[in-house]
Engineer: 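Sending over a structure as C-alpha cells; questions will come in a sec.
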Amino acid sequence: MTYTTILTEIRRRVGIVTLNRPQAMNAFNSTMLTELFDALEAFDADENIGAMIVTGNEKAFAAGADIKEMAYASPFEMIGQGRVEKWDRIRGIKKVVIAAVSGWALGGGCEFAISCDMIIASESAKFGQPEITIGVIPGAGGTQRLARLLGKNLAMEMVINNRTLTAAEALQFGLANRVVPVDGYLDAAVAFAEEIAARAPLAVRMAKDAVNAAFETTLTEGLKAEKRNFYPLFSTEDQKEGMKAFIEKRKPNWKGR
Ligand code: DAK
C-alpha cells in the first residue's frame, strides 16, 4: 500500500503509523484521515502485530483538522465528506492503539490522541482544544471524552477557554500514561507497546473491550459486559497455557487461540 501522508513501519510485533505532513503541523486532511485508518485497520487484521502506535514528529503530533480544507465548507459538505464516519473508525480497532505524542496535540489531534487506548507523552507534549478560537467546537469527540477523562470543570476550561495541558499536567490529570524525554520518546512508546504485544492477544482484546464498556453504560450493564468477555476466555488455549505455566513456574507461550 502506498501512502502519501503517513509512513508505516513494523518493529517486531508493533505496527507504527507516523503522521507525515510536517509542513502543516500534521493537520488531518481527508487523505491523511483515510490513510491513517486504512493503515490501522490493516495492522489490526495482521496477526503478526500485537499492538499499534500512532505518532507524529517531535514538534507536532497533529495540530487538528486541516483548517484550510474546511474553512469554506457548508454544513452539508462537512457531512457529505463522511468526516464523522472517518473519525469514528478508531472505535472499530480491536488491538491496543497507543498515541506517542510529542509537541502539539491540538483540536482533532488531541481528540485523536484521547481516542487511542493509552498515551505516551514526550516532555514537550501539549494538549488543547482551540476550536473555540476559530469559531467552532470540538467535533471528533473532544467534549465527551475530555469530560469523562478529566471531569467537567477542566474539560469546560479546555473547550471553552482554550486551556492547554502540558505533558506534566496530562500525567497528573490522567490523560497521559507516561511522560518520557523528547529524545527517544518513540522508542519508549515502542518498548511500552512491545510489553502489550507480548501478552495473550485474545485476553488483551477482551480487556480493551471491557474497559471501553465503562464509558458506554451503567455500572450494572458494564459489569455484565465484563463477564461476557471474561468467561469465553476459558475456552481459549491461552487461558489453559497461562494458568498451567503459572503452576509450572515457567513463562507462558501464547498462541493467540
Ligand atoms: N490546519 C491547516 N494548517 C495548519 C494547521 C491546521 N490545523 N495548523 C498549522 N497549520 C499550518 C500553518 O498554516 C502553517 O502553514 P504555512 O503558513 O507555513 O503554509 C504551518 O502549518 C506551520 O504552522 P505555524 O506557522 O502556525 O507554526 P507555529 O509553530 O507558529 O504554531 C501551532 C504551531 C500548532 C500552535 C499553530 O499552527 C496553530 O495554532 N495551529 C492551529 C491549531 C488549531 O486551531 N487546531 C484546531 C483545528 S480545528 C470533524 C471532527 C473534528 C474536526 C473537524 C471536523 N467532523 C467530525 C466533521 C476538528 C477540527 C479541528 O481540529
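Ligands are counted one by one from 1 in listed order, and the atoms in each one are counted from 1 as well. Heavy atoms only: backbone and side chains are in, while hydrogens, waters and symmetry mates are out.
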Engineer: Counting only non-hydrogen atoms of the protein, does one fall under 4.0 Å from atom 61 (O) of ligand 1?
Structural biologist: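 Given the 4.0 Å limit, the answer for atom 61 (O) of ligand 1 is yes, a protein heavy atom qualifies.
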
Engineer: Between Glu241 and Arg250 (salt bridge meaning N to carboxylate O under 4.0 Å), is one present in this structure?
Structural biologist: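 Between Arg250 and Glu241 there is a salt bridge, with a charged N closer than 4.0 Å to a carboxylate O.
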
Engineer: Among protein heavy atoms, which sits nearest to atom 56 (C) of ligand 1, and what does the distance come to when rounded to 0.1 Å?
Structural biologist: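 Going by distance alone, atom 56 (C) of ligand 1 is nearest to Gly139 O, 3.2 Å.
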
Engineer: Does only the side chain of Ile134 get under 4.0 Å from ligand 1, or the backbone, or both, or neither? Count heavy atoms.
Structural biologist: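 Contact part for Ile134 vs ligand 1: side chain (C-beta onward).
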
Engineer: When rounded to the nearest 0.5 angstrom, what is the spacing between OG1 in Thr55 and CD1 in Ile98?
Structural biologist: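 Thr55 OG1 to Ile98 CD1: 11.5 Å, rounded to 0.5 Å.
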
Engineer: Ser124 and Glu58: side-chain donor and acceptor closer than 3.5 Å?
Structural biologist: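 Note: Ser124 and Glu58 side chains miss the donor-acceptor criterion.
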
Engineer: Could you tell me the residue and atom name of the protein heavy atom closest to atom 40 (N) of ligand 1, and the distance to it rounded to 0.1 Å?
Structural biologist: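 I find the closest protein heavy atom is Ala63 CB, 4.2 Å.
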
Engineer: Suppose we measure from atom 33 (C) of ligand 1 to each protein heavy atom; which comes out shortest, and what is that distance?
Structural biologist: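 Here the nearest protein heavy atom works out to Trp104 NE1, 3.8 Å.
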
Engineer: Do Asp66 and Met32 make a side-chain contact, defined as non-hydrogen atoms from C-beta onward lying under 4.5 Å apart?
Structural biologist: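 Of all side-chain heavy-atom pairs linking Met32 with Asp66, none is under 4.5 Å.
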
Engineer: Does an N or O from Ile67, backbone or side chain, lie closer than 3.5 Å to an N or O of ligand 1?
Structural biologist: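 Right, the criterion is met.
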
Engineer: So which of Pro130, Gly109, Gly107, Ala71 gets nearest to atom 43 (C) of ligand 1, if we judge by its closest heavy atom?
Structural biologist: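 Looking at heavy atoms only, Pro130 sits closest to atom 43 (C) of ligand 1.
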
Engineer: Measure Ala140 to ligand 1 on non-hydrogen atoms and call it side chain, backbone, both or neither using the 4.0 Å cut-off.
Structural biologist: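 Looking at Ala140 and ligand 1, atoms from backbone and side chain both fall under 4.0 Å.
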
Engineer: Check Arg163 with Glu169, please: is the shortest side-chain N to carboxylate O separation under 4.0 Å?
Structural biologist: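 A salt bridge links Glu169 with Arg163.
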
Engineer: Does the protein put a heavy atom less than 4.0 Å from atom 31 (O) of ligand 1?
Structural biologist: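 Within 4.0 Å of atom 31 (O) of ligand 1, no protein heavy atoms are found.
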
Engineer: Between Asp209 and Arg228, does any side-chain N to carboxylate O distance fall below 4.0 Å?
Structural biologist: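 No salt bridge links Asp209 with Arg228.
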
Engineer: Are any non-hydrogen protein atoms located under 4.0 Å from atom 36 (C) of ligand 1?
Structural biologist: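 Within 4.0 Å: no protein heavy atom nearby.
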
Engineer: Evaluate the ring planes of Phe61 and Phe112, with Trp represented by its six-membered ring, and classify them as parallel (under 30°), tilted (30 to 60°) or perpendicular (over 60°).
Structural biologist: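 Correct class here is parallel.
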
Engineer: Below 4.0 angstrom from a heavy atom of Gly64, which ligand 1 atoms are there? Numbered from 1 as shown, please.
Structural biologist: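 Counting atoms of ligand 1 from 1, those under 4.0 Å from Gly64 are 61 (O).
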
Engineer: Within ligand 1, which atoms have a heavy atom of Val84 less than 4.0 Å away?
Structural biologist: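 Result: 56 (C).
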
Engineer: Which of the numbered atoms in ligand 1 are below 4.0 angstrom from a heavy atom of Gly108?
Structural biologist: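 By the 4.0 Å cutoff, the relevant atoms are 60 (C), 61 (O).
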
Engineer: Do you see a protein non-hydrogen atom under 4.0 Å from atom 8 (N) of ligand 1?
Structural biologist: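 So atom 8 (N) of ligand 1 has protein heavy-atom neighbours under 4.0 Å.
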
Engineer: Do Thr18 and Glu9 pair up side chain to side chain, a donor and an acceptor below 3.5 Å, judged on atom types alone?
Structural biologist: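 No pair is found: no donor N or O on one side chain lies under 3.5 Å from an acceptor on the other.
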
Engineer: Strictly inside 4.0 angstrom of atom 26 (O) of ligand 1, do you find any protein heavy atom?
Structural biologist: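 For atom 26 (O) of ligand 1 the answer is no, since every protein heavy atom stays at 4.0 Å or beyond.
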
Engineer: Any atom of ligand 1 sitting under 4.0 Å from a heavy atom of Gln23?
Structural biologist: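 The answer is yes, since Gln23 has a heavy atom less than 4.0 Å from ligand 1.
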
Engineer: Donor-acceptor pair, Glu111 side chain versus Gly141 backbone, under 3.5 Å?
Structural biologist: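 Such a contact is found between Glu111 side chain and Gly141 backbone.
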
Engineer: How far is atom 4 (C) of ligand 1 from its nearest protein heavy atom, and which residue and atom is that?
Structural biologist: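 Result for atom 4 (C) of ligand 1: Ala24 O, 3.8 Å.
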
Engineer: Does atom 19 (O) of ligand 1 have a protein non-hydrogen atom under 4.0 Å from it?
Structural biologist: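 Given the 4.0 Å cut-off, atom 19 (O) of ligand 1 counts as touching protein heavy atoms.
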
Engineer: Measure the distances from the heavy atoms of Lys59 to every atom of ligand 1 and state whether one is below 4.0 angstrom.
Structural biologist: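 Lys59: in contact with ligand 1 (<4.0 Å).
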
Engineer: Taking CZ in Arg205 as the centre, count heavy atoms belonging to other residues, nucleotides or ligands within less than 6.0 Å. Is the count above 12?
Structural biologist: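 It does not: Arg205 CZ has 12 such atoms or fewer within range.
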
Engineer: Cluster question for you: counting only ILVMFWY and a side-chain heavy-atom cut-off of under 4.5 Å, with indirect links fine, are Tyr3 and Ile49 together?
Structural biologist: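 Yes, because Tyr3 and Ile49 connect within a single hydrophobic cluster, where side-chain heavy atoms sit under 4.5 Å apart.
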
Engineer: Taking the side chain as C-beta and beyond, is there a heavy-atom pair between Asn153 and Met156 under 4.5 Å?
Structural biologist: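 Counting from C-beta outward, Asn153 and Met156 never come under 4.5 Å.
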
Engineer: Should the pair Arg89-Asp38 be classified as a salt bridge under the 4.0 Å nitrogen-to-oxygen rule?
Structural biologist: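 A salt bridge links Arg89 with Asp38.
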
Engineer: Students should be able to answer this: which protein heavy-atom is nearest to atom 6 (C) of ligand 1, and at what distance?
Structural biologist: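 Result for atom 6 (C) of ligand 1: Ala27 CB, 3.5 Å.
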
Engineer: For atom 57 (C) of ligand 1, what is the closest protein heavy atom, and at what distance to 0.1 Å?
Structural biologist: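 Going atom by atom, the protein heavy atom closest to atom 57 (C) of ligand 1 ends up being Arg83 CB, 3.4 Å.
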
Engineer: Where is the nearest protein heavy atom to atom 59 (C) of ligand 1: which residue, which atom, and how far?
Structural biologist: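 Atom 59 (C) of ligand 1 sits closest to the protein heavy atom Ala65 CB, 3.4 Å.
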
Engineer: Counting heavy atoms only, which of Lys68, Met25, Glu131 comes nearest to atom 16 (P) of ligand 1?
Structural biologist: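 Of the listed residues, Lys68 has the closest heavy atom.
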
Engineer: What protein heavy atom lies closest to atom 49 (C) of ligand 1? Include the residue and the distance to one decimal.
Structural biologist: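 Closest protein heavy atom to atom 49 (C) of ligand 1: Trp87 NE1, 3.7 Å.
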
Engineer: Which of the atoms in ligand 1, numbered in the order shown and given with their element, are less than 4.0 Å from a heavy-atom of Leu106?
Structural biologist: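 The atoms of ligand 1 under 4.0 Å from a heavy atom of Leu106 are 34 (C), 42 (C).
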
Engineer: At a 4.0 Å cut-off, with the gap strictly under it, does some heavy atom of Met70 reach an atom of ligand 1?
Structural biologist: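 Right, Met70 reaches ligand 1.
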
Engineer: For the residue pair Ile79 and Val84, establish whether any side-chain heavy-atom pair is separated by less than 4.5 Å.
Structural biologist: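 No, every pair of side-chain atoms sits at 4.5 Å or beyond.
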
Engineer: Do other residues, nucleotides or ligands put more than 12 heavy atoms under 6.0 Å from the CD atom of Gln23?
Structural biologist: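 Check passes, neighbour count above 12.
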
